[in-house]
**Q** 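Please read through the structure below; I'll follow up with questions.
Worth saying up front: this structure is predicted, and the values here are computed from it rather than measured. Just so you know, residue 1 is the first one in the sequence shown, and it goes up from there.
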Amino acid sequence: MSAESTTPDEAATDTNRDFIRDLVQSDLDAGRVRTVVTRFPPEPNGYLHLGHAKSICLNFGVAAEFGGRCHLRFDDTNPVKEEQEYIDAIERDVRWLGFDWGAHLYHASDYFEQLYDWAEHLIRAGLAYVDDTPVDEMRAMRGTLTEPGRASVFRDRPVAENLDLFRRMRAGEFPNGARVLRAKIDLAAGNMNLRDPVLYRILHAAHPRTGTAWCIYPTYDFAHGQSDAIEHVTHSLCTLEFEDHRPLYDWFIEHLPVPARPHQTEFARLNLGYTVLSKRNLTEFVRRGIVEGWDDPRMPTLAGLRRRGVPPEAIREFVKRIGMARANSVVDLALFEHAIRDRLNQTAQRRMAVLRPLKLVIENFPEGDTFDLTAVNHPDDPSAGTRPIHFGREIYVEREDFMEHPAKKFYRLSPGKEVRLRYAFLVTCREVVKDAAGDVVELRCTYDPASRGGNAPDGRKVQATLHWVSAHDAVPAEVRLYSTLFKSPDPGAGGDVFADLNPDSLEVLKGALVEPSLAEYRPGEAVQFERQGYFCADPASRPGALVFNRTIGLRDTWAKVQAGGG
Ligand code: ATP
Ligand code: MG
């Protein structure tokens, strides 16, 4: 009865065809490409997020499907923002997502020497020059969409002077920002990227890999396509914001003696409702302490999703379902949640946990006695087995499962009402005990000893089934309930992403009680707390100090939308 069996666009989501795979297939068919080579090129200036997962699944997926290979290449051309911590996290997260680059781990910095040679090649060909124009002025001189750029007075420097200055830039003779190397292309080009783009800038900064060997660094544009060519990448897949860079990408490939001719193809970046997928913003959340760190379970980072209990299979399935489009759009968060539930529903064992306990005393149950019962671990998977649970005179139920003055359609506990305790007995509420402040602290009940397993022998109807734990063996736990980090479906639409933060994105329940079989649960292992949702033990959880993160609640709004239920 899974939701996707009713999905109307099942065919579209189940086949893996899209315009990129069609392109790859036609390149193979036409003999333009023999071995498909892709790459995932993260800049190690932050942790990977769900948007990157789309790119990872695409690049590694296409390579695997067409019998090729995918490289992991660190795009490490800006030493100021890049750190070893990020490099390590990126490798860990790509592996966790289920992909393997084998021996093909590369860095743009591996090619610094080659890139430098190619820069000299352009200078010698009269296609690059050293410009001393201050940055601000240079920017102003680039013109606008309606006005052509103006030439720098250094544009026609002789080749020998350019070579000499560029070598002295490399030798460290000039301070940061004093000069740049620019390509000499077309100052009137409609595409701004072709108006003599910067190829190298002076940056006296140590690099995580090359140390202080360099004080000039290539720009993204000068490094990316050439790195692709060096690695014999056939399909350089990137997000749409690079579309305007493609003519420049091609220009370098045409004008340099590169060993191969890669092609760039763009696809839509992933945007997700209620979610910010921008490293710049995510870095700010961490820096300002808005979240606990990059792996805060509210973060859309792979590290955060992992800690929250989202299985990598759900992320891969989600990416498959959204497909590859050429136009940008915003994906409904419910679709991602649906993929998570769908996966966890299959894999998570069921347990009982009471998040906000209310004591229930069964007056006709013998004091000190317990009753052994059997609970099933997974309703659809008999191989998951069963476990014993122990019923006693004092148990706890969920506070919200009781109403002293029941609202209409509230079928759970209220004075005089009979309900079923899951796997156990029918109980009837006889009396409500309150403290001096008038708050309900305890319910006095009776049980029907003939209703073992939860069915009345006379077949009388009982509408509600409640989860519960026994007072004598329940284990205390902290439970963290997460909701979206943003209260707006389009965070930052009003100009300030921080104004859209959800102040209630985390609720910590210190007094939860879980059944004893959860005492040994391992971090990362998924569990369904019956009627509550999917949870996993936090990495900080240990026997005696259990901490559970709610991965996701049970309600599936996407399945409802798909079923036409609105
Ligand atoms: P951000 O915009 O979050 O700062 P980025 O593009 O600067 O991300 P990179 O490390 O350069 O981050 O990205 C590595 C690869 O992941 C690039 O090919 C980029 O196009 C892709 N990518 C980044 N964000 C998304 C996204 N939201 N959806 C799909 N692909 C993405
Ligand atoms: Mg980038």
**Q** Applying salt bridge (Lys or Arg N to Asp or Glu O under 4.0 Å) as the test, list every pair that has at least one member in residues 487-507; sequence neighbours left out.
**A**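 Found R356-E507.
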
**Q** Aromatic ring centroids of F99 and F60 under 6.0 Å?
**A**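 Yes: the rings meet the under 6.0 Å criterion.
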
**Q** How about R306 and R92: do any of their side-chain heavy atoms sit closer than 4.5 Å?
**A**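 R306 vs R92: side chains touch.
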
**Q** Check whether F74 forms a cation-pi arrangement with R209 (NZ or CZ under 6.0 Å from the six-membered ring centre, at most 45° off the ring normal).
**A**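 Ring-cation test returns no.
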
**Q** Report the distance from atom OG of S451 to atom CD of E418, rounding to the nearest 0.5 Å.
**A**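 Result: 7.0 Å between the selected atoms.
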
**Q** Is the backbone N or O of R422 less than 3.5 Å from a side-chain atom of W468, with the two atoms forming a donor-acceptor pair by type?
**A**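 Here the side-chain-to-backbone pair exists.
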
**Q** Just so I know, are the side chains of F336 and L50 near enough to count as touching, which here means a heavy-atom distance under 4.5 Å?
**A**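 In short, these two side chains touch, coming nearer than 4.5 Å.
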
**Q** Rounded to the nearest 0.5 Å, what separates atom CG in L277 from atom NZ in K279?
**A**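 Nearest 0.5 Å value for the CG-NZ distance: 12.0 Å.
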
**Q** Any side-chain heavy-atom pair from L302 and I315 closer than 4.5 angstrom?
**A**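 Yes, close enough: below the 4.5 Å cut-off.
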
**Q** How long is the straight-line distance from CG of L554 back to CG of N345, given to the nearest 0.5 Å?
**A**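 If we round to the nearest 0.5 Å, N345:CG and L554:CG are 9.0 Å apart.
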
**Q** Go through the steps to decide whether F486 and L501 satisfy the test side-chain contact (heavy atoms from CB on, under 4.5 Å), and finish with yes or no.
**A** CA-CA 4 Å; F486 293 92; L501 280 163; 3.7 Å; yes

**Q** Can you tell me if CZ on R95 sees more than 12 non-hydrogen neighbours from other groups inside 6.0 Å?
**A**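 Enclosed.
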
**Q** Please find the pair of heavy atoms, one from R550 and one from R308, that lie closest to each other, and give the distance.
**A**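 Heavy atoms only, the tightest pair is O-NE, 3.6 Å.
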
**Q** May I ask you to say whether R321 pairs ionically with E317, meaning some side-chain N is under 4.0 Å from a carboxylate O?
**A**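 Yes, charged N to carboxylate O under 4.0 Å.
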
**Q** So for atom CD, which belongs to E520, do other residues, nucleotides or ligands contribute more than 12 heavy atoms lying within a distance under 6.0 Å?
**A**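 At most 12 heavy atoms, drawn from other residues, nucleotides or ligands, come within 6.0 Å of this atom.
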
**Q** Check the pair F402 / V397 against side-chain contact (heavy atoms from CB on, under 4.5 Å), numbers first and verdict last.
**A** CA-CA 9 Å; F402 172 77; V397 296; 5.8 Å; no

**Q** OG/S483 to CG/L485 distance, rounded to the nearest 0.5 angstrom?
**A**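 Nearest 0.5 Å value for the OG-CG distance: 9.5 Å.
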
**Q** Does a donor on one side chain sit under 3.5 Å from an acceptor on the other, for H378 and R350?
**A**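 Yes, because at least one side-chain N or O of H378 sits under 3.5 Å from a partner of the opposite role on R350.
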
**Q** Nearest heavy-atom pair of G392 and I362: which atoms, and what distance?
**A**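 Shortest heavy-atom contact: O-CD1, 3.9 Å.
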
**Q** On the 0 to 90° scale, with breaks at 30° and 60°, tag the Y86-Y47 ring pair as parallel, tilted or perpendicular.
**A**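 Answer is perpendicular, since the angle exceeds 60°.
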
**Q** For the residue pair P311 and L344, what are the closest heavy atoms and their distance?
**A**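 It is CG-CD2, 3.7 Å.
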
**Q** Parallel under 30°, tilted from 30 to 60°, perpendicular over 60°: which one fits the rings of Y447 and F425?
**A**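 Ring orientation, 0 to 90° scale: perpendicular.
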
**Q** Does the side chain of W101 come within less than 4.5 Å of F40's, by heavy atoms?
**A**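 F40 vs W101: side chains apart.
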
**Q** Please tell me if the side chains of R531 and T465 come closer than 4.5 Å, counting only heavy atoms from C-beta onward.
**A**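 No, side chains not in contact.
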
**Q** Does the pair L506 and R298 meet the rule for a side-chain contact (heavy atoms from CB on, under 4.5 Å), with working shown?
**A** CA-CA 8 Å; L506 170 60; R298 290 165 294 179; 3.7 Å; yes

**Q** Enumerate the salt bridge (Lys or Arg N to Asp or Glu O under 4.0 Å) contacts for residues 80-89, please, sequence neighbours excluded, ordered by first and then second residue.
**A**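 Salt bridge (Lys or Arg N to Asp or Glu O under 4.0 Å) check on residues 80-89 returns no pairs.
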
**Q** So do the side chains of S541 and F548 get within less than 4.5 Å of each other, counting heavy atoms only?
**A**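 Counting from C-beta outward, S541 and F548 never come under 4.5 Å.
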
**Q** For H49 and G51, indicate whether the former's side chain and the latter's backbone hold a donor-acceptor pair under 3.5 Å.
**A**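 The answer is yes, because a donor-acceptor pair under 3.5 Å joins these two groups.
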
**Q** To the nearest 0.5 Å, how far apart are OG in S517 and CZ in R387?
**A**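 Separation between the atoms: 5.0 Å.
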
**Q** Are the side chain of E284 and the backbone of R280 linked by a donor-acceptor contact shorter than 3.5 Å?
**A**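 Not at all, since once roles are kept as given, no pair shorter than 3.5 Å links the two residues.
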
**Q** Compare all side-chain heavy atoms of L358 with those of Y396 and state whether any distance is below 4.5 angstrom.
**A**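 SC-SC contact between L358 and Y396 ruled out.
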
**Q** Any sub-3.5 Å donor-acceptor pair from R341's side-chain atoms to G553's backbone N or O?
**A**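 Yes, the answer is positive, given that a donor and an acceptor are paired below the 3.5 Å cut-off.
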
**Q** Where is the tightest heavy-atom contact between A474 and L513, given as atom of each residue plus distance?
**A**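 For A474 versus L513, the nearest heavy atoms are CB-CB, 4.0 Å.
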
**Q** Ignoring hydrogens and angles, tell me if any N or O in the side chain of N59 forms a donor-acceptor pair with the backbone of T38 under 3.5 Å.
**A**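 A pair under 3.5 Å: no.
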
**Q** If we ignore angles and hydrogens, is there a donor and acceptor under 3.5 Å between the side chains of H472 and E394?
**A**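 No pair is found: no donor N or O on one side chain lies under 3.5 Å from an acceptor on the other.
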
**Q** Could you tell me whether the side chains of N328 and R269 share a donor-acceptor contact shorter than 3.5 Å?
**A**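 Not at all, the side chains of N328 and R269 share no donor-acceptor pair under 3.5 Å.
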
**Q** Quick check against the 3.5 Å criterion: does D448 have a side-chain atom that pairs as donor or acceptor with the backbone of L426?
**A**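 No; judged by distance alone, with no hydrogens or angles, the pair does not exist.
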
**Q** Are the side chain of K320 and the backbone of C57 linked by a donor-acceptor contact shorter than 3.5 Å?
**A**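 Side chain of K320 to backbone of C57, a donor-acceptor pair under 3.5 Å: no, none is there.
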
**Q** Looking at every non-hydrogen atom in both residues, tell me the closest pair between R343 and A314 and how far apart they are.
**A**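 For R343 and A314, the tightest heavy-atom pair comes out as CB-CB, 4.1 Å.
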
**Q** From R393 CZ over to D369 CG, what is the distance, rounded to the nearest 0.5 angstrom?
**A**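 Rounded to the nearest 0.5 Å, the CZ-CG separation comes out at 11.0 Å.
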
**Q** Between N364 and T446, is any side-chain donor less than 3.5 angstrom from a side-chain acceptor?
**A**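 Per modelled atom types, N364 and T446 side chains form no pair under 3.5 Å.
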
**Q** Above 12 or not: heavy atoms from other molecules or residues under 6.0 Å from CD of Q84?
**A**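 Enclosed: over 12 neighbouring heavy atoms sit under 6.0 Å from CD of Q84.
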
**Q** Determine whether a donor-acceptor pair (N or O, by modelled atom type, separation under 3.5 Å) exists between the side chain of S414 and the backbone of K417.
**A**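 Not at all, since once roles are kept as given, no pair shorter than 3.5 Å links the two residues.
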
**Q** Which heavy atom of M352 sits nearest a heavy atom of V469, and at what distance?
**A**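 Answer, listing the atom of M352 first, then V469: O-CG1, 3.8 Å.
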
**Q** Taking side chain as C-beta onward, heavy atoms only, is D18 less than 4.5 Å from R21?
**A**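 They are in side-chain contact.
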
**Q** Which is it for L48 and V94 under the side-chain contact (heavy atoms from CB on, under 4.5 Å) test, yes or no, and what are the steps along the way?
**A** CA-CA 8 Å; L48 297 179; V94 173; 3.7 Å; yes

**Q** Does D76 use its side chain to pair, donor to acceptor, with the backbone of A108 at less than 3.5 Å?
**A**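 At least one qualifying donor-acceptor pair exists.
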
**Q** Y106 vs H71 aromatic rings, parallel, tilted or perpendicular, using cut-offs 30° and 60°?
**A**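 Taking H71 first and then Y106, their aromatic rings sit tilted (interplane angle of 30° to 60°).
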
